[in-house]
Amino acid sequence: MEPEVLELERFLPYRLYRLADAVSREFSSIYRDRHGLTRPEWRTLSGLGQRGTMTATALGEQSAMHKTKVSRAVAELERRRWLTRTPDENDRRVEYLTLTKTGLAAYREMVPLAKAFERELLARLSAAERAAIVNGVAALETALSVP
């Protein structure tokens with residue numbers, strides 16, 4: 001009996017990973033060309049822009065990034081003076097990260113570009129396909145308890 005073979009091209013987790021990576025790469029050209037940001041730097045900037053002050057741990061959880069990537073992104077954004085770190089008064093191991101005026105300005109410049117990218121991406125699909133993908137992703141997020 002032949003061993004079972006996994007056809008990656010038909011395996012949903014693999015397909016979702018490849019799709020997410022392709023979309024992320026295409027979008028990355030916008031923030032890379034505009035501000036020279038890496039993906040982790042963009043995720044850090046956008047997380048802080050959306051939620052305000054956060055810890056690096058919370059940023060990692062929100063963005064599904066490993067702590068090493070968060071740490072490097074935070075260091076680079078701090079070097080650019082796009083964010084500041086404020087130590088917790090009661091626990092010096094904890095730092096609160098906040099965008100500076102310059103970082104917030106960059107974030108606000110990118111928001112309409114991100115929304116336009118999403119609109120253009122979804123415009124490649126029919127209305128029924130758009131509804132199916134939005135509903136399907138939401139259903140998977142619910143089934144997997146993704147916040």
Side-chain angles (χ1 to χ4, degrees), residues 7-89 91-147:
E7 295 179 48
L8 286 177
E9 297 77 18
R10 302 179 109 203
F11 185 55
L12 184 61
Y14 179 76
R15 293 174 67 199
L16 289 172
Y17 168 77
R18 289 192 56 193
L19 178 60
D21 188 60
V23 170
S24 184
R25 269 187 282 113
E26 191 169 321
F27 178 58
S28 73
S29 67
I30 295 170
Y31 54 77
R32 183 185 60 241
D33 293 349
R34 184 75 89 180
H35 292 291
L37 295 171
T38 63
R39 284 190 226 184
E41 290 162 5
W42 161 249
R43 290 177 185 160
T44 300
L45 179 73
S46 62
L48 291 171
Q50 177 188 0
R51 292 190 167 82
T53 301
M54 298 175 74
T55 64
T57 300
L59 256 170
E61 291 169 0
Q62 178 261 329
S63 64
M65 282 194 298
H66 188 274
K67 62 183 177 180
T68 304
K69 287 190 179 206
V70 173
S71 178
R72 287 183 186 142
V74 165
E76 177 56 23
L77 294 177
E78 183 180 37
R79 186 194 68 74
R80 289 179 174 218
R81 296 182 170 23
W82 282 19
L83 68 74
T84 59
R85 302 176 198 229
T86 305
D88 184 288
E89 292 178 8
D91 186 348
R92 294 291 180 185
R93 297 170 297 174
V94 176
E95 294 180 321
Y96 297 101
L97 309 171
T98 308
L99 292 181
T100 62
K101 287 181 182 179
T102 305
L104 193 55
Y107 169 74
R108 288 184 175 150
E109 176 192 339
M110 289 301 301
V111 168
L113 299 174
K115 289 183 175 187
F117 174 83
E118 181 183 41
R119 275 192 308 277
E120 291 166 13
L121 180 66
L122 291 172
R124 299 176 193 183
L125 306 174
S126 70
E129 289 168 332
R130 282 193 298 275
I133 193 103
V134 168
N135 293 334
V137 167
L140 278 173
E141 287 172 334
T142 299
L144 297 172
S145 300
V146 176

Measure the spacing between [atom1] of [X] and [atom2] of [Y] and express it to the nearest 0.5 Å.
| X | Y | atom1 | atom2 | result |
| --- | --- | --- | --- | --- |
| S46 | R51 | OG | CZ | 9.0 Å |
| Y96 | E89 | OH | CD | 9.0 Å |
| Y14 | L19 | OH | CG | 12.5 Å |
| R39 | D21 | CZ | CG | 5.0 Å |

R130 atom CZ, neighbour heavy-atom count above 12 within 6.0 Å: yes

Atom CD1 of I133: over 12 foreign heavy atoms under 6.0 Å: no

Polar side chain donor-acceptor pair, H35 to E109, under 3.5 angstrom: yes

Residue pair T98 / T53, side-chain donor-acceptor N/O under 3.5 Å: yes

I need the minimum non-hydrogen distance between [X] and [Y], along with the two atoms involved.
| X | Y | answer |
| --- | --- | --- |
| L37 | W82 | CD2-CZ3, 3.8 Å |
| I30 | M110 | CG2-CE, 3.7 Å |
| T55 | L97 | C-CD1, 4.2 Å |
| D88 | D91 | OD1-N, 2.9 Å |
| L77 | L45 | CD1-N, 4.0 Å |

Between [X] (side chain) and [Y] (backbone), is there a donor-acceptor pair under 3.5 Å?
| X | Y | result |
| --- | --- | --- |
| S28 | R25 | yes |
| S71 | K67 | no |
| S24 | A20 | no |

Pairing of E120 and R124 as salt bridge, 4.0 angstrom limit: no

Just so I know, are the side chains of [X] and [Y] near enough to count as touching, which here means a heavy-atom distance under 4.5 Å?
| X | Y | value |
| --- | --- | --- |
| Y31 | E41 | no |
| F27 | L113 | no |
| T44 | M65 | yes |

CA sep, side-chain torsions, deciding dist, call: E76, R80, salt bridge (Lys or Arg N to Asp or Glu O under 4.0 Å): CA-CA 6 Å; E76 177 56 23; R80 289 179 174 218; 3.3 Å; yes

Working for side-chain contact (heavy atoms from CB on, under 4.5 Å), residues L121 and E118: CA-CA 5 Å; L121 180 66; E118 181 183 41; 5.6 Å; no

R85 and V74: CA distance, side-chain angles, deciding distance, side-chain contact (heavy atoms from CB on, under 4.5 Å) verdict: CA-CA 9 Å; R85 302 176 198 229; V74 165; 3.6 Å; yes

Pair M54-L59, side-chain contact (heavy atoms from CB on, under 4.5 Å): steps then yes or no: CA-CA 7 Å; M54 298 175 74; L59 256 170; 4.1 Å; yes

side-chain contact (heavy atoms from CB on, under 4.5 Å) between Q50 and Y107, worked out: CA-CA 9 Å; Q50 177 188 0; Y107 169 74; 4.1 Å; yes

